[in-house]
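First the proteins, then the strands, lettered A, B, ... as listed; each starts at 1.
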Protein chains: 2
Amino acid sequence: MDTVHRLTLGDLAREHRRSRPGGTAAVDGDERLSYVDLDDRANRVANALAAAGVGTGDRVLWLGQTSARVLELLLGCAKLGAVLCPANARQSADELRFVLGDLDPRVVVWQSALGDAAREVRDARFIEAGDEYRAWLDAASPTDDERSVDPGLPVLALYTAAFDGRPNAALLSHTALLAHSVSIGWIRQIEPGFTYLNSGPLFHVGTMMFCLATFHLGGTNVFTPGFVPAEVCRLIERERCTSAFLYGPMLDQLVEANTGEDGKARRDLSSLHFSAGSDAWNAMITVDESPWGRALGGYGQSEVAGMLTFTGLGLGALGSHGRPSPFAQVRIVDAGGAEVPAGEVGEMVARGPIMFSGYWNRAELNAAKQAGGWHHTGDLARRESDGTITFIGPKLRMIKSGGENVYPAEVERALTTHPGIKEAAVIGVPDERWGQTVKAVVVASDPSLTAEDVVAHVRERIASYKKPSHVVFTGALPRRGFTPDYDALDEAHGGGGYPIV
Amino acid sequence: MDTVHRLTLGDLAREHRRSRPGGTAAVDGDERLSYVDLDDRANRVANALAAAGVGTGDRVLWLGQTSARVLELLLGCAKLGAVLCPANARQSADELRFVLGDLDPRVVVWQSALGDAAREVRDARFIEAGDEYRAWLDAASPTDDERSVDPGLPVLALYTAAFDGRPNAALLSHTALLAHSVSIGWIRQIEPGFTYLNSGPLFHVGTMMFCLATFHLGGTNVFTPGFVPAEVCRLIERERCTSAFLYGPMLDQLVEANTGEDGKARRDLSSLHFSAGSDAWNAMITVDESPWGRALGGYGQSEVAGMLTFTGLGLGALGSHGRPSPFAQVRIVDAGGAEVPAGEVGEMVARGPIMFSGYWNRAELNAAKQAGGWHHTGDLARRESDGTITFIGPKLRMIKSGGENVYPAEVERALTTHPGIKEAAVIGVPDERWGQTVKAVVVASDPSLTAEDVVAHVRERIASYKKPSHVVFTGALPRRGFTPDYDALDEAHGGGGYPIV
């Protein structure tokens with residue numbers, strides 16, 4: 001291996017130890033780890049794992065909440081050439097059994113307080129994350145064995161992409177994570193003064209990518225087990241957090257939790273630099289009007305280590321999802337892999353060092369995902385005339401009606417411009433004549449809204465063949481993270497017959 | 001080769017073409033190249049070079065001034081897997097003969113107006129950069145053959161490091177240049193609105209690294225053949241340049257050239273964001289007080305694609321040269337390669353994707369430079385207690401006096417704290433009793449200053465064995481770029497006998 005050009009997550013831990021001996025790497029409850037402490041922990045983890053028989057390419061599973069344990073386990077795996085998978089601990093016993101069978105980890109670190117499912121599937125590989133884990137680490141040497149690890153090897157696995165109902169573990173290499181971290185550092189102004197509150201789950205790339213960038217660029221990671229508004233406010237105040245994993249309804253919950261009976265803020269959240277929201281939100285935080293705070297967005301997925309396109313720093317304009325990361329090429333292609341002209345919708349494919357290394361144990365799927373030497377995102381997008389990219393929606397969700405392609409996202413955008421519609425999701429339902437027709441599932445804010453109103457509204461805005469043939473009203477949309485749960489919608493409302501699988 | 005993870009300079013040209021069809025890539029005189037134009041040029045260069053027999057690993061030589069030609073030639077070579085070397089065209093015929101023999105280029109593009117030396121050594125490989133070059137490109141196809149190029153291959157060669165009197169061509173890979181560009185983009189806020197005036201030579205990494213980062217991150221490169229103050233002011237005003245290759249005495253020359261007889265500024269330089277200087281300078285430009293403008297500095301060399309350490313963005317403090325690039329590990333080691341404790345001086349060695357691929361055609365030297373899997377910078381440095389790094393000086397210049405190590409930079413710093421000393425350089429002279437003794441070459445601002453004053457001043461500040469045994473006064477120090485020309489000083493003042501070669 002080419003040692004002179006090597007840089008791994010373990011190497012970063014080594015460099016931070018030298019460069020930032022006094023810097024705070026992690027805060028978790030009452031525990032504070034300097035960058036020296038963190039490297040010591042990583043060494044103990046590596047040595048303890050090695051003693052447990054973990055070697056290059058072996059998997060280690062974390063079943064627990066957001067915690068500094070995830071970072072130290074990841075760095076320990078990094079120093080061994082092993083792979084850490086932080087998985088959702090709140091899955092059912094059957095789901096956990098699937099993960100254990102699929103990933104075949106050599107060691108599992110689990111938090112026993114999270115329910116009975118993990119207890120049910122527990123075996124000799126399980127180490128409880130409390131006293132047992134502490135004793136296990138205390139017994140290991142903090143010496144750095146400086147094993148030489150190829151940075152092209154995977155080090156992190158994130159379960160995602162349930163194409164056929166079962167999730168797949170996306171493998172990310174040191175090289176992919178390091179390139180991605182610096183791209184995020186560039187677009188988000190991450191540097192040693194950056195203090196990130198890990199208030200989302202580390203088994204999702206959304207929080208993990210900021211955790212890694214903060215570590216890479218010498219900032220401070222603050223961990224909290226889950227999103228509890230009052231506790232988040234307390235931590236932002238105490239640690240002077242500059243950023244956090246927050247979105248949508250979380251902001252209102254923070255405002256509510258942080259407004260005292262006298263109407264004043266309970267905690268000082270002014271260290272937090274964030275985009276503008278409600279007046280009450282803006283009054284509590286520092287609204288970030290810098291080039292790094294404005295118009296932040298883009299398109300991402302676990303398979304590209306986080307973000308593939310960005311709208312910040314002058315990368316956005318006409319298209320809603322900006323331009324590619326400095327570590328990626330992006331093409332919009334047809335079913336045969338040929339590039340389509342600007343303005344036309346096709347699948348977004350990408351190349352570059354941030355791409356994942358395939359899914360664990362999915363040779364056939366990986367061959368399809370990397371056909372022609374491009375990573376196939378499985379998502380539809382369009383290049384606009386200025387070169388920016390608009391994400392349309394999942395390729396699997398495209399509706400084919402009377403030979404025409406209908407993209408649910410486009411219809412949904414038209415629907416939600418109606419003042420009487422709070423939210424809406426669009427599915428395809430099988431139709432004898434047209435193959436599929438469009439069905440809108442609508443949450444109305446105006447109780448007098450009719451199906452005819454909805455159809456008429458859409459027809460005025462987009463091509464007639466895209467208008468819903470069927471409209472159903474519901475009290476709330478089922479959700480999976482940020483997006484509606486389309487599988488649940490299909491099941492509840494007769495969806496199916498999608499053309500591309 | 002692993003195509004999914006591939007990213008080359010050629011791939012960036014392809015992506016910019018898609019992402020920034022309307023963006024201005026380069027301005028050179030009356031010529032303006034959009035990113036589409038630039039990619040077309042790169043394709044023509046690649047096809048013309050291929051027709052001339054240039055293939056993977058072959059070298060192409062540029063003998064000319066700073067120009068958009070260098071960027072298009074580099075991208076053309078990138079698409080072929082070839083290597084561009086922009087060399088100093090103002091060398092003597094003997095020096096050019098050395099370069100031609102050493103590099104063995106297949107094609108040389110030269111500017112005939114630069115003197116007779118190139119004309120003297122010219123052969124069938126030479127293409128004149130004017131009409132002949134234009135016709136050569138016009139005859140080539142602008143089609144992109146999309147040859148697959150390994151990003152680990154070298155694409156740029158920069159002559160540097162004349163260890164034994166002959167220069168060596170440092171080879172830089174796509175991967176090294178791309179990682180470095182994003183690190184510079186991070187520390188310097190380079191994005192599509194960044195407009196860089198290439199006002200220094202492109203055969204030095206100092207200008208080249210900014211040219212490449214500006215290209216990589218979608219900004220605009222403006223080229224001017226050399227540093228002519230009035231022309232530089234005109235270009236800053238016309239192109240609204242936000243940055244330029246400027247240092248030290250250049251700033252005063254710009255102020256002088258830009259001050260009209262009425263005392264007012266001739267040209268509007270307010271687009272230029274730069275660090276503060278004289279009052280007159282500050283009044284002309286926009287003084288950059290952002291985190292990206294403050295305390296900018298660090299340590300660099302061609303062999304790391306540019307910068308190895310940075311002082312900006314919270315990376316600096318006690319040590320004068322900050323902390324490592326996010327793409328490097330740095331150690332300070334003794335002669336045996338073992339890490340020395342913080343506070344002790346040793347050679348700075350480094351690892352990471354920004355490291356060069358060795359010197360062209362120097363197998364023995366390369367083995368020594370990469371001993372133990374670390375790039376040996378050839379420079380002495382010290383870790384401070386806070387983890388920052390202080391660059392001391394070239395290892396080859398260390399003086400050994402009575403068994404003690406004396407670092408010229410340390411003595412020079414002590415010398416220049418004297419109000420009567422304008423500048424000073426320190427060399428070692430052979431000495432029968434001590435091996436070497438310290439000699440100070442001093443430019444005095446106070447004509448009454450004596451050698452005794454100088455010695456007494458140093459003795460008060462640093463250990464006695466480091467004080468000069470000899471002091472000579474001179475009117476000006478010979479310079480090589482930013483630093484005194486120590487070879488010339490040794491020759492003029494009897495230097496020699498340095499312990500490490």
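- Between A:Phe210 and A:Tyr196, the ring-plane angle classifies as parallel under the 30° and 60° cut-offs.
- Heavy-atom distances place no part of B:Val349 under 4.5 Å from chain A, backbone and side chain included.
- For residues 346-359 of chain B, every residue pair satisfying the salt bridge (charged side-chain N to carboxylate O under 4.0 Å, His left out) rule, not counting sequence neighbours, is listed here: B:Glu347-B:Lys395.
- Remark: the backbone N or O of B:Ser34 is paired with a side-chain donor or acceptor of B:Asp37 at under 3.5 angstrom.
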Output a table of donor-acceptor pairs, distance under 3.5 Å, between side-chain atoms of residues 186-194 of chain A and any protein atom two or more places apart or on a different chain; print 'none' if there are none.
from: A:Trp186; atom 1: NE1; to: B:Ile190; atom 2: O; distance (Å): 2.8
from: A:Glu191; atom 1: OE1; to: A:Gly193; atom 2: N; distance (Å): 3.0

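- Interface residue B:Phe327: backbone and side-chain heavy atoms are both found under 4.5 Å from chain A.
- When the candidates A:Asp386, A:Val330, A:Ile389, A:Thr388 are compared by the number of heavy-atom contacts under 4.5 Å with chain B, A:Val330 comes out ahead.
- The side-chain hydrogen bond (donor to acceptor under 3.5 Å, both in side chains) pairs that include a residue from residues 318-334 of chain B are A:Asp11-B:Gln329, A:Arg18-B:Gln329, A:Glu146-B:Arg331, B:Arg331-B:Glu339, where partners are two or more places apart or lie in different chains.
- When A:His216, A:His375, A:Arg17, A:Arg14 are compared by the number of non-hydrogen pairs under 4.5 Å with chain B, A:His216 comes out ahead.
- In this structure, chain A has a heavy atom under 4.5 Å from the backbone of B:Ala328, while its side chain stays farther away.
- Between chain B and the residues A:Leu217, A:Thr8, A:Leu12, the most heavy-atom pairs under 4.5 angstrom are made by A:Leu217.
- With hydrogens and angles ignored, the 3.5 Å screen pairs a side-chain donor or acceptor of A:His5 with a backbone N or O of B:Phe356.
- Using modelled atom types, one side-chain atom of B:Asn366 and one backbone atom of B:Arg362 make a donor-acceptor pair closer than 3.5 Å.
- Within residues 171-183 of chain B, the residues having any heavy atom less than 4.5 Å from a heavy atom of chain A are, in residue-number order, B:Leu178, B:Ala179, B:Val182.
- Judged purely by distance below 3.5 Å, without hydrogens or angles, the side chains of B:Arg383 and A:Ser19 pair a donor atom with an acceptor atom.
- No donor-acceptor pair under 3.5 Å is formed between the side chain of B:Thr24 and the backbone N or O of B:Thr220.
- When the candidates A:Gly22, A:Gly185, A:Pro324 are compared by the number of heavy-atom contacts under 4.5 Å with chain B, A:Pro324 comes out ahead.
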